[in-house]
Structure formats: structure tokens, C-alpha cells
Amino acid sequence: GLRREAMPEHLAVIMDGNRRWARTKGLPVVAGYEAGLRALKGMVQLCCRWGIRVLTIFAFSSDNWLRPKVEVGFLMRLLERGMKDEVNNFMRDNIRFSCIGDTLKLPDPVKELITYAEERTKHNSGLQLIVAVSYSGKYDIVQACQSIALKVKDGVIEPEDINEFLIEQELQTNCAEIPNPDLLIRTSGELRVSNFLLWQLAYTELYFTQSHWPDFGETEFVMALRSFQQRQRRYGKRDS
Ligand SMILES: CC(C)CCOP(=O)(O)OP(=O)(O)O
Ligand SMILES: [Mg+2]
């Protein structure tokens, strides 16, 4: 079974395969996205039950803006509906909600809801749910560099003060407070990181499954966690 004391502190998930799931069932794409949202709600409940402290999910990448307008529009409305439906549950379940990514590009109703949900849940001390939307791992590093360069220009710090810790503090995941992900799960058989968290995944255990995201339920989640608990993490130390 699962060892409760060996749960990942921070779990990152790329929820991929929603459209393929719909296609295999002869359903429209939007049914795949709806099923994906249901699977996400299920995972959030399991993370609360199993004491996983941080869950970061890749909900919409900056590349996803290139999808057909109809699909982008639906995903934006799904994001809005998801937050509206869930914010009361976040308070019930003591979940702290936040977003990372270039949120300025989002429609105003979505931006306003994100601000509201972040504000309302910011004192919750249970699961921290981080939703990466309009997010790019490379841009995250770029904006951290820009922020640090500004501090050097303003004389707040010297170039030699720049180190890994300083950079981690400037990343949107604010690694100073949040440990980097221990486990990354990606569904639907793709074996790539797709410009998700890049710096943060330096020593993260990677788990891939053929299952499409909407089919990723408790059984698949337990299998992923069992795999994680069987791994020996070295952080680059021992070469054996
Ligand atoms: C927006 C994102 C969470 C959707 C992930 O599923 P997807 O649309 O990439 O589905 P496919 O990989 O099957 O095309
Ligand atoms: Mg995909």
C-alpha cells in the first residue's frame, strides 16, 4: 500500500490527453475538457485526503493560446466556471488557491475571479493549489532575471549576490516558501515537459502514464504514488 509518511510534499501535474479522450469516445472536444475538470476536482480531494501539501497543475500553457479560438474561449469559460463553483469548497476544505503565469492575457472575468479566489483563500493552511495558466517555464525564468537585473541596477544587490536561492525567490512558484516538486505526473503518453516548470523540476521524479487525463482517477493516482515511493532520490549526489 501507500506509505502516508512518504507522500510527495509538492506534486506537479500535466493534465494531458483530454481531446484524445473525447475523440476515442466519439464525444466533442469540450466534453474532454469538462471530463478533465472533473478529474482535477477528484485529484484535489485525494491530495487533501493524503496530506499532499502543494499541487501545481498545468491548466493552460502560453502555447495553448494558439489553439482554435472556439477551444480557447471554452477553456477560459471553463476556468471561470471552475473557480466560481469551487471557491466555497476551497474554504470548506481549507485549500489555498493561487495562479502562476502571464495572467494579464486572460479575459477580465477570469482575471477578476483569480484575484477574488486568491484573496479569499490566502489564509487557508491546507492544500496549496497552484494553477499554472498562460504559463511558460522559460518566461518564468526570464521574468526572474528581469526582476534581479532591476535590483542590481537600483544598487539593491551586487552581481555576485546572485545565487540559486535568490533566483528561486523570484520565480513565480516562489520556491522560497514552496519546496520544488517531488513528483511530476504527465498523462496520455507524451514524454516531455512542454515548457512547464523548468528550473523547479531539476530533481523532480518524473512519472508518465498512457492513461488520458480524464481517466486518471484514484487507481491510477495510487499507481503513480507507489512508483514514486519505490524510487531512491539522489539529488545528483551518489553516482551509483
Ligand atoms: C488545456 C489542457 C489542460 C488540455 C490538455 O489536454 P489536450 O487538450 O492537450 O488534449 P490532447 O493532448 O488529447 O490534444
Ligand atoms: Mg495535449
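Read the numbers this way: they start at 1 and go in the same order the structure lists the ligands and their atoms. Values in this document were obtained by computation on a predicted structure and should not be read as measured data.
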- [ ] Going by the side chain to side chain donor-acceptor pair (under 3.5 Å) test, name the single residue among Thr187, Asp215, Asp16 that passes it with Trp21.
- [x]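 One option only clears the test, and that one is Asp215.
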Cut-off 3.5 Å, side chains only: do [X] and [Y] have a donor facing an acceptor?
X	Y	result
Glu168	Asn180	yes
Ser134	Trp65	yes
Asn18	Glu34	no

Task: Candidate with minimal heavy-atom separation from atom 12 (O) of ligand 1, of Arg20, Glu190, Met15 - done: Arg20
List the closest protein heavy-atom neighbour of [atom]: residue, atom name, distance to the nearest 0.1 Å.
atom	value
atom 14 (O) of ligand 1	Arg19 NE, 2.7 Å
atom 2 (C) of ligand 1	Ala59 O, 3.8 Å
atom 8 (O) of ligand 1	Arg67 NH1, 2.6 Å

- [ ] Enumerate the atoms of ligand 1 whose separation from the nearest heavy atom of Tyr33 is less than 4.0 angstrom.
- [x]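 Going through ligand 1 atom by atom, the ones under 4.0 Å from Tyr33 are 4 (C), 8 (O).
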Using the six-membered ring wherever Trp is involved, compare the ring planes of [X] and [Y] and label them parallel, tilted or perpendicular (cut-offs 30° and 60°).
X	Y	answer
Phe90	Phe97	parallel
Phe74	Tyr33	parallel
Phe58	Tyr135	perpendicular

Open item on the list: Applying a heavy-atom cut-off of 4.0 Å, say which part of Ser188 lies close to ligand 1: side chain, backbone, both or neither.
Closed with: neither
Open item on the list: In this structure, does ligand 1 have an atom that sits under 4.0 Å from one of the heavy atoms of Trp213?
Closed with: no
- [ ] Could you tell me if any non-hydrogen atom of Gly17 lies under 4.0 Å from any atom of ligand 1?
- [x] yes
TODO: Report yes if Asn18 has an N/O atom closer than 3.5 Å to an N/O atom of ligand 1; otherwise report no.
DONE: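 Yes; at least one N/O pair falls below 3.5 Å.
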Open item on the list: Geometry only, no angles: is Asn64 polar-contacting ligand 1 at N/O separations under 3.5 Å?
Closed with: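 Such a contact does not occur with ligand 1.
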TODO: Give a yes/no answer: is there an N/O/S atom of Asp16 under 2.8 Å from the Mg ion (ligand 2)?
DONE: yes
- [ ] Inspect the surroundings of CD in Glu5 and state if more than 12 heavy atoms from other residues, nucleotides or ligands are less than 6.0 Å away.
- [x] yes
